[in-house]
Amino acid sequence: MTLAKRAVARKKEASIRPRSSARPDPLALLAWYDRHRRILPWRARPGEAIDPYRVWLSEIMLQQTTVKAVAPYFARFIARWPNVQSLAKAPLEDVLKGWAGLGYYARARNLHACAQAVAKTRAGKFPQTVEALRELPGVGDYTAAAIAAIAFDQPAVPVDGNVERVVARIYAVEESLPAAKPKLRALAAALMPPARYSDFAQALMDLGATICTPKTPACSLCPWNADCAAHARGEEETFPRKTPKREGQLRRGAAFVALREDGCVLLRRRPEKGLLAGMSEVPGSDWHSEMEEATMRRAAPKLIPPVPWRRLAGSVEHVFTHFPLTLSVYFAQVPRRSPPPSGMRWVRRRELPGEALPSVMRKVIAHALEEKPR
DNA sequence: AAGGCGTGGGT
DNA sequence: TACCCAAGCCT
């Protein structure tokens, strides 16, 4: 349809349909999407074939993670592992290293397990239905719907935080999250167009990400503004309602940075389960709310020969999803011949960037090594 | 089923 | 500054 014809159609529609009608028009959103869709590294251009591997990889990376944070990781993963078979063949350790810094590391383990499942039991082909996708590790209700819709044009509406916000505003849903999730899912499903499911899923998310934003939404640019109950009331920002979750208690701990004369730092691997599972770290104490400095000191690694540990000024602050953390940092110079304690290893400073070090540990090492030459 | 599970950017 | 929170999943 030409722009002129579209304008005519819009005018005609407006004349027969009262403002603030009951149901927003899915086709209006699709028309908006055709003009304003974002160009994203994992998104196919119009007419370009869609690669389910790229859709899946991006969806896993984007779980609770911003587009900006994901982009460089996505590029590196695609360059290194261009298809699901190559990713399946990679050692888990390499995948964790590649994921380091992106957070929620269970995703990396599930990603690898999923790649192996798809490569082995499905000959490298992703399943196309929500039900079958839902069985894959790391793929929940949202991601299954997203892959089915985006990659395979199945009639599914993935409901993420963006879509929840859009729908909550359109219908001024009073029930608060997370209790309102089933209601919001149902309302979103009712908006589904008769075709173009892939575009519609992406359009809904683009609308939430660029127009219907959490703060100061650009309602004047929204294709659905005439049908939005929250906008009619001038209360866009108050939706979706949310029940506050109580905040985590501060925990404390100590981290020990040992620098050997040859420029190596002492690292170990975290347990396979729990916080930062399987990632690397410098040795340290447990993290508790009631943790005293004397207790922390006892967690210092036992080096041979023994070395004096110096507590560095200041501390490292980090905030996890469910608790804030304050780490005391201890530092020691270690003679060249000192062997690594059991379960630990010496790693050259220049190799640290490639290690599976979570951000909190990179902060600790930076704190200890700043202004240390080489 | 409520809580564990990261991180960096925006306001 | 101190929040808020981003294409959620798993147990």
Side-chain angles (χ1 to χ4, degrees), chain A residues 38 40-43 54-74 96 99-111 113-114 133-151 156-166 177-179 181-182 184-185 188 198 200-210 212-217 237 240 242-251 270-279 281 287 316-325 356-363:
Chain A
R38 287 178 294 173
L40 299 170
W42 42 85
R43 184 176 278 182
R54 296 170 68 98
V55 173
W56 163 73
L57 178 60
S58 67
E59 286 300 338
I60 303 298
M61 287 184 164
L62 286 162
Q63 288 166 5
Q64 298 287 283
T65 309
T66 58
V67 164
K68 182 170 185 176
V70 165
Y73 284 85
F74 180 81
L96 287 175
W99 199 273
L102 200 52
Y104 287 133
Y105 299 99
R107 291 186 297 173
R109 306 167 157 282
N110 288 142
L111 184 84
C114 182
L133 286 161
R134 186 65 179 78
E135 300 300 314
L136 297 170
V139 177
D141 289 337
Y142 162 77
T143 306
I147 297 172
I150 296 172
V157 179
V159 179
D160 67 340
N162 286 313
V163 180
E164 285 177 349
R165 186 170 58 254
V166 169
L177 288 170
K181 280 175 182 289
L184 294 174
R185 269 199 288 270
S198 176
F200 186 73
Q202 297 172 85
L204 222 33
M205 289 189 254
D206 275 17
L207 187 71
T210 65
C212 197
T213 49
K215 298 195 168 144
T216 61
E237 282 193 43
K242 296 196 177 183
T243 55
K245 60 182 85 160
R246 71 174 201 284
E247 59 188 81
Q249 196 176 17
L250 173 69
R251 300 184 200 180
R270 291 182 61 86
E272 294 303 315
K273 290 190 178 286
L275 186 67
L276 305 172
M279 302 296 285
E281 66 175 2
W287 303 337
V316 166
E317 310 287 336
H318 191 76
V319 180
F320 293 98
T321 310
H322 47 302
F323 67 91
L325 175 67
L357 285 165
S359 289
V360 61
M361 286 300 148
R362 294 183 190 271
K363 284 189 199 173

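Just so we're clear, the structure is a prediction, and the values are computed from it rather than from any experiment. Numbers restart at 1 for each chain; the letters A, B, ... are given by sequence-line order, proteins then strands.
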Residues forming a ring-ring contact (aromatic ring centres under 6.0 Å, His included) with A/Tyr142, sequence neighbours excluded: none

From [atom1] of [X] over to [atom2] of [N], roughly how many Å is that when rounded to an integer?
{"X": "A/Leu133", "N": "C/dG8", "atom1": "CG", "atom2": "P", "result": "17 Å"}
{"X": "A/Arg109", "N": "C/dT11", "atom1": "CZ", "atom2": "P", "result": "12 Å"}
{"X": "A/Asp160", "N": "C/dC9", "atom1": "CG", "atom2": "C1'", "result": "14 Å"}
{"X": "A/Ile60", "N": "C/dC10", "atom1": "CD1", "atom2": "C1'", "result": "13 Å"}
{"X": "A/Phe74", "N": "C/dA6", "atom1": "CZ", "atom2": "P", "result": "22 Å"}
{"X": "A/Leu40", "N": "C/dA6", "atom1": "CG", "atom2": "P", "result": "17 Å"}

Touch class at under 4.0 angstrom, heavy-atom based, for [X] against every strand present:
{"X": "A/Ser58", "value": "nothing"}
{"X": "A/Pro137", "value": "sugar-phosphate"}
{"X": "A/Trp56", "value": "nothing"}

Per-nucleotide protein contact string for nucleotides 5-10 of chain B (B base, S sugar-phosphate only, - none; heavy atom under 4.0 Å): BBBS--

Test salt bridge (charged side-chain N to carboxylate O under 4.0 Å, His left out) applied to A/Lys181 - qualifying residues, sequence neighbours left out: A/Glu164

4.5 Å side-chain heavy-atom contact, A/Phe323 and A/Leu275: yes

A/Arg38 vs A/Val67 side-chain heavy atoms within contact, under 4.5 Å: yes

Nucleotide of C/dC10, C/dA6, C/dG8 approaching A/Asn110 most closely (side-chain heavy atoms): C/dC10

Qualifying residue, where the test is side chain to side chain contact (heavy atoms under 4.5 Å, CB included) with A/Met61 and the options are A/Trp42, A/Trp99, A/Trp56: A/Trp99

Rounded distance (nearest 0.5 Å) linking atom CG of A/Leu40 with atom CZ of A/Phe74: 10.0 Å

Distance below 4.0 Å between A/Arg165 side-chain N/O and C/dA6 OP1 or OP2: yes

